[in-house]
Amino acid sequence: MRAVQVHDGKFNYSNLQGSDFSHSDLTNASFKCSNLDNCHFDGSNLTHAKIQKSNLKGATFRNCQFNHTDFSSSELMGVCLDNLTFTGTIFHYTGLKETSFRNAVFQNCSFKTEVKKTIFDGAKMDKGTYAVLKGLKANLTHVTII
């Protein structure tokens, strides 16, 4: 599945553990209720993708595009999302314990989840995203507001 273009792809209720979607265009793709353990999405476009109620432990996302991506009710525990830009991304009821967003950029993102043990060191974010995360008791000590 490496370097494929699958706009509006439906991968719902699939066991895709260990799959390689690197450098793929997955715009508007749907991964509802799927096992995405150890999947590789490096360099992929996940614009408007719905990755809901899915397991993403061990997944990699280096150089991905996250524009209005929806991670609602998915498990991202311990996943590295460093140095990425999130625009309009949704994290509602998402497992983010020990997830790293070091040096990430957040614009108009929505969080409704536990973030006390999420890592935001060096991140940059708009005032709205900052306020929401602050209200959820995230550690924003080393965050810059843009």
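Please read these numbers as outputs of a predicted model, since none were measured by experiment.
The backbone N or O of Lys116 lies less than 3.5 Å from no partner atom in the side chain of Thr118, so there is not a single donor-acceptor pair. A donor-acceptor distance shorter than 3.5 angstrom exists from the side chain of Ser24 to the backbone of Val4, with no hydrogens or angles considered. Remark: side-chain polar atoms of Ser44 are paired, donor with acceptor, to backbone N or O of Phe41 under 3.5 angstrom. Between the side chain of Ser74 and the backbone N or O of Ser54, at least one donor-acceptor pair lies under 3.5 Å.
Here the CG atom belonging to Asn67 is positioned 7.0 Å from the CG atom belonging to Asn45, to the nearest 0.5 angstrom. Atoms CG and CD1, on Asn108 and Ile90 in that order, are 11.5 Å from each other to the nearest 0.5 Å. In this structure, NE2 in His40 is found 11.0 Å from CZ in Phe61, a value given to the nearest 0.5 Å. Atom-to-atom distance recorded for Arg62:CZ and Asn83:CG is 11.0 Å, nearest 0.5 angstrom. With rounding to the nearest 0.5 Å, the separation of CG in Asn12 from OG in Ser34 is 6.0 Å. Atom CG of Leu26 and atom CD of Gln65 lie 11.0 Å apart (nearest 0.5 Å).
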Distance-only criterion, 3.5 Å: show the donor-acceptor pairs between side-chain atoms of residues 133-146 and protein atoms not counting sequence neighbours.
| from | atom 1 | to | atom 2 | distance (Å) |
| --- | --- | --- | --- | --- |
| Asn139 | OD1 | Thr141 | N | 3.1 |
| Asn139 | OD1 | Thr141 | OG1 | 2.6 |

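Using cut-offs of 30° and 60° on the angle between ring planes, the pair Phe71 and Phe91 is parallel. Taking the six-membered ring where tryptophan is involved, the planes of Phe21 and Phe11 are perpendicular, since the angle between them exceeds 60° and thus also 30°.
Looking at every heavy atom in both residues, Thr99 comes nearest to Gly95 through OG1-O, 4.1 Å. Closest approach of Gly43 to Cys64, counting heavy atoms only: N-SG, 4.1 Å. Minimum interatomic distance between Thr129 and Cys109 (heavy atoms only, all atoms of both residues): OG1-N, 3.2 Å. Between Asn38 and Gln17, the closest heavy-atom pair is ND2-NE2, 4.4 Å.
Judged as a ring pair (Phe, Tyr, Trp, His ring centres under 6.0 Å), and not counting sequence neighbours, Tyr130 has no contacts.
Around NZ of Lys117, the count of heavy atoms belonging to other residues, nucleotides or ligands within 6.0 Å does not exceed 12.
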Kindly determine whether His68 and His48 satisfy side-chain contact (heavy atoms from CB on, under 4.5 Å), including the steps that lead there. CA-CA 5 Å; His68 305 282; His48 291 281; 3.6 Å; yes
side-chain contact (heavy atoms from CB on, under 4.5 Å) assessment of Arg2 paired with His23: CA-CA 6 Å; Arg2 190 177 168 98; His23 308 288; 3.8 Å; yes
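Remark: aromatic rings of Phe111 and Phe86 are distant, center separation not under 6.0 Å.
Of the candidates Lys50, Gln52, His92, Asp70 forms a side-chain hydrogen bond (donor to acceptor under 3.5 Å, both in side chains) with just one, namely Gln52. Partner of Leu76 under the side chain to side chain contact (heavy atoms under 4.5 Å, CB included) criterion, out of Leu96, Ile51, Asn55: Leu96 alone.
No continuous path of hydrophobic side-chain contacts links Met77 to Phe101 [ILVMFWY only; heavy atoms under 4.5 Å]. With hydrophobic clusters built from ILVMFWY side chains whose heavy atoms lie under 4.5 angstrom apart, Val105 does not share a cluster with Leu46. Val132 and Phe66 fall within the same hydrophobic cluster, defined by Ile, Leu, Val, Met, Phe, Trp and Tyr side-chain heavy atoms under 4.5 Å apart, directly or through other members. In the hydrophobic cluster analysis, where Ile, Leu, Val, Met, Phe, Trp and Tyr join through side-chain heavy atoms closer than 4.5 angstrom, Leu36 is grouped together with Val79.
Taking Ile, Leu, Val, Met, Phe, Trp and Tyr as hydrophobic and joining them when side-chain heavy atoms fall under 4.5 Å apart, one finds Ile119 isolated, its cluster having no other members.
For the residue pair Asp82 / Asn103, no side-chain donor-acceptor distance below 3.5 Å is found, with atom types taken as modelled.
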